[in-house]
Protein chains: 2
Amino acid sequence: MNPTIKDVAKYANVSIATVSRIVNGLPGYSEDTKKKVQEAIEALGYQPNAIARGLINKRTQTIGVLFPEVSGMLSSEVLEGVENAAHDGGFSVIVCNTTSSGKRTVKYLRLLQEKRVDGIIFASEDVKEEYYKIFQEMKVPVVLVSTASSNYDLPFVRVNDFEGAFQATEHLIKKGHRQIGMIGGSRNDPIAGVPRMRGFKEALQKHSLAFSEDHITTNEGYRFQNGKESLPVLLKQLPNMTALFAASDEMAIGAMSAAHQQGIKVPEELSIIGYDNLKIAEMCYPALTTVSQPLKDMGQTAGEILVKLIKGEEKEAKSQFMPFTIVERQSVCDLRDK
Amino acid sequence: MNPTIKDVAKYANVSIATVSRIVNGLPGYSEDTKKKVQEAIEALGYQPNAIARGLINKRTQTIGVLFPEVSGMLSSEVLEGVENAAHDGGFSVIVCNTTSSGKRTVKYLRLLQEKRVDGIIFASEDVKEEYYKIFQEMKVPVVLVSTASSNYDLPFVRVNDFEGAFQATEHLIKKGHRQIGMIGGSRNDPIAGVPRMRGFKEALQKHSLAFSEDHITTNEGYRFQNGKESLPVLLKQLPNMTALFAASDEMAIGAMSAAHQQGIKVPEELSIIGYDNLKIAEMCYPALTTVSQPLKDMGQTAGEILVKLIKGEEKEAKSQFMPFTIVERQSVCDLRDK
DNA sequence: GCGTTTTACGTAAACGTTTACGTATTTCTC
DNA sequence: GAGAAATACGTAAACGTTTACGTAAAACGC
């Protein structure tokens with residue numbers, strides 16, 4: 001099969017220890033032998049076997065990344081960042097698509113455990129006790145991205161959802177809107193659901209605007225369809241609404257689509273602000289004003305933290321809140337102009 | 001550290017060979033010992049070490065997937081399919097983001113070679129000689145997805161781009177359009193560029209419609225911006241155009257956006273048909289009529305073929321053309337109604 | 001009940017590395 | 001130029017499995 005270190009050693013007339021030293025840049029050989037060995041490596045096309053290395057070093061140079069949905073636009077941008085950081089740090093990444101299923105997640109974690117990955121990135125989902133136990137068993141660093149855990153002490157990389165929602169809402173208020181609705185997520189979702197709704201509510205209250213349950217619709221998911229179906233409901237609850245905040249870009253665009261269908265002009269008759277700044281946000285018409293999460297950066301940062309943790313360059317990693325910005329595009333109009 | 005097979009053997013008072021047999025479901029032990037060993041495994045929380053296994057079996061149960069861009073919506077859907085098939089077949093997938101760079105691609109291939117992956121999926125890019133050489137060195141099966149290679153004999157999973165473009169164009173013709181333009185890809189792109197332009201051209205010719213270079217704009221990429229910038233150009237070349245075919249959904253939506261800005265009504269004044277059927281196609285307004293590539297299925301199929309090839313269930317894999325369909329939404333109007 | 005086959009194990013080599021330790025040779029020190 | 005220190009290697013064990021081979025006991029056939 002593939003040439004091994006033994007073949008190289010034989011070809012170059014040295015011991016395998018010497019070859020290993022040369023390959024790994026350790027000291028202990030003359031320039032002459034180094035050249036000889038390098039020629040042998042070249043001649044045979046030798047590639048060190050990472051599996052054998054992993055066995056003895058107890059390091060696989062591989063990390064696992066768990067996403068609830070790989071093909072989601074949110075996930076894919078985060079993934080790109082993670083992959084980038086991992087690669088720069090000399091690690092490969094194994095992707096795992098949990099489909100938000102506990103069973104599948106556990107199965108994947110077991111797999112990653114068997115494969116002896118050096119670390120784990122866990123994205124966009126709540127950390128169940130079951131998972132945390134496995135993390136502990138595995139004794140590898142874990143970093144959370146786009147999520148956080150109240151029960152367990154795990155470093156995370158995310159934006160402050162409360163603040164993001166608060167400022168998104170304030171943005172609408174500053175533009176002169178007074179009747180503002182929200183298309184929210186789930187009340188059971190402690191990460192993207194509750195804090196964003198709280199941010200919305202408190203922004204209204206800060207500016208002494210009325211708030212009631214009628215100002216919000218909740219949804220199971222954060223998808224286009226959820227937003228599309230929510231708009232009519234919200235409109236019924238809050239007939240003279242002039243602006244709305246959607247807890248995700250997909251929902252915002254869904255609402256926009258529903259508005260188009262009903263002949264409601266965006267932004268003239270209804271302003272919409274989203275959350276995420278997915279690539280589609282600038283592709284829709286009118287381009288969506290939204291709270292920008294630096295998704296790729298978040299992935300990248302999470303990857304970098306994990307790599308440092310694995311390499312032992314940092315002992316206890318600090319969690320990190322990433323800055324968000326409000327990207328003004330065309331889906332919000334300024335009422336004060338009129 | 002983690003308990004090994006030795007620990008289990010000691011705990012259960014048997015040899016490691018017996019433990020191995022039980023773990024792998026091979027014959028050669030009594031029910032009694034089996035129970036004893038299983039209890040030991042349970043008690044110690046033993047997990048077999050996939051690295052050690054890989055070393056001796058020369059199988060890592062891992063495949064590598066190379067994408068030009070992980071966060072592209074096209075890639076991410078394909079990836080989901082691949083991951084799904086791989087997982088079902090008992091394989092993990094390592095993602096590699098080549099960013100269309102030859103250097104990076106080679107670097108990744110070397111890495112995958114060192115990691116001894118059992119197979120490779122190569123997506124959306126042309127297979128350079130350099131890559132093919134490494135494929136051969138690695139002696140692992142390779143399957144192409146959403147691309148093909150004219151120079152090398154590698155199985156692929158893709159749709160017939162010529163046919164897709166041809167039918168997309170015919171769709172416009174059937175709807176009564178006579179002045180049809182195209183926003184195309186690159187003339188140097190043998191997979192998504194040339195065939196789609198040829199399909200467009202031949203469809204026009206079949207229906208005896210005029211065709212000249214002015215009917216097409218070419219682009220370096222297939223992105224939103226490309227489409228957005230192409231529309232004005234195309235409009236200048238073909239002022240009384242009533243419909244256009246874009247070689248990607250992103251470009252189609254870019255063109256749609258440019259049309260909105262210029263006050264051109266879609267589809268009333270300009271019909272647009274795209275290519276890909278990304279998730280965004282149904283999210284934009286008006287929802288995009290497009291040629292649907294079954295991206296997730298393509299990934300899945302490619303994954304399944306690769307797994308079969310690895311397991312030796314199939315010797316020489318047949319390439320596969322996947323069916324495409326034209327998904328009619330709202331971006332194309334029927335001129336014959338008027 | 002004796003020979004033969006089957007069953008139920010155990011022993012040890014192998015997979016391809018890394019690395020602690022040992023040793024012969026060279027270089028230095030004075 | 002003798003002893004010490006440094007250099008340039010080689011030997012062999014270890015990592016955690018699988019598996020070919022060997023062997024004692026059990027089951028079978030008659």
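When reading the values below, keep in mind they use all heavy atoms of this one structure, side chains included, and skip hydrogens, waters and symmetry mates. By convention in this document, chain letters (A, B, ...) are assigned in the order of the sequence lines, proteins followed by strands, and residues within each chain are numbered from 1.
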From CG of B:Leu44 across to P of D:dG16 the rounded distance in Å is 14 Å

For B:Pro27, which contact category applies under a 4.0 Å heavy-atom criterion: base, sugar-phosphate, or nothing?
-> nothing

Protein-nucleotide distance (B:Arg116, atom CZ; C:dG16, atom P), rounded to Å | 8 Å

In whole Å, what is the span from the NZ atom of B:Lys10 to the C1' atom of D:dG16?
-> 14 Å

A:Ile5 CD1 - D:dG10 C1' separation (whole Å) | 13 Å

Starting from the 5' end of DNA chain D, give me the residue, B:Ala52 or A:Ala17, whose nearest nucleotide shows up first.
-> A:Ala17

For the side chain of B:Gln61 and the backbone of B:Gly90, is there at least one donor-acceptor N/O pair under 3.5 Å apart?
-> yes

Begin with the C-alpha distance, continue with both residues' side-chain angles, and end with the deciding distance and a verdict on side-chain contact (heavy atoms from CB on, under 4.5 Å) for B:Val157 and B:Met322.
-> CA-CA 7 Å; B:Val157 175; B:Met322 300 290 283; 3.7 Å; yes

With the threshold set at 4.0 Å, does a side-chain nitrogen-carboxylate oxygen contact exist between B:Lys35 and B:Asp32?
-> no

Among C:dT19, D:dC15, D:dT18, the one nearest any side-chain atom of B:Arg53 is D:dT18

With nearest nucleotides of DNA chain C determined for B:Leu55 and B:Ile16 from heavy-atom distances, which residue corresponds to the more 5′ nucleotide?
-> B:Ile16

Give, for atom CD1 of B:Ile134 and atom NZ of B:Lys139, the distance between the pair rounded to the nearest 0.5 Å.
-> 13.5 Å

A:Ile56 CD1 to C:dC15 C1', in whole Å, measures 12 Å

Describe, in one word, how the ring planes of A:Tyr108 and B:His87 are oriented to each other, choosing from parallel (under 30°), tilted (30 to 60°) and perpendicular (over 60°).
-> parallel

Under 4.0 Å between a side-chain N or O of A:Asn24 and OP1 or OP2 of C:dT18?
-> yes

B:Lys6 NZ to D:dA13 P, straight-line distance once rounded to whole Å = 13 Å

Over how many whole Å does the gap from B:Ile22 atom CD1 to D:dT19 atom P extend?
-> 15 Å

Apply the test ring-ring contact (aromatic ring centres under 6.0 Å, His included) to residues B:Phe67 and B:Phe122: give CA-CA distance (whole Å), side-chain angles for both, the deciding distance (0.1 Å), then the verdict.
-> CA-CA 7 Å; B:Phe67 286 107; B:Phe122 189 88; 9.6 Å; no

Contact class for A:Glu114 vs. all strands (heavy atom < 4.0 Å): base, sugar-phosphate, or nothing?
-> nothing

Round to a whole Å and report the spacing from CD1 of B:Ile51 to C1' of C:dG16.
-> 13 Å

B:Ser20 side-chain proximity, nearest of D:dT17, C:dT17, D:dT18 | D:dT18

Expected rows: protein N/O vs nucleotides 6-9 of chain C N/O, under 3.5 Å:
residue: C:dC9; atom: OP2; partner: B:Ser30; partner atom: N; Å: 2.5
residue: C:dC9; atom: OP2; partner: B:Ser30; partner atom: OG; Å: 2.8
residue: C:dC9; atom: OP2; partner: B:Thr33; partner atom: OG1; Å: 2.7

How are the rings of A:Tyr132 and A:Tyr152 set to each other: parallel, tilted or perpendicular (split at 30° and 60°)?
-> parallel

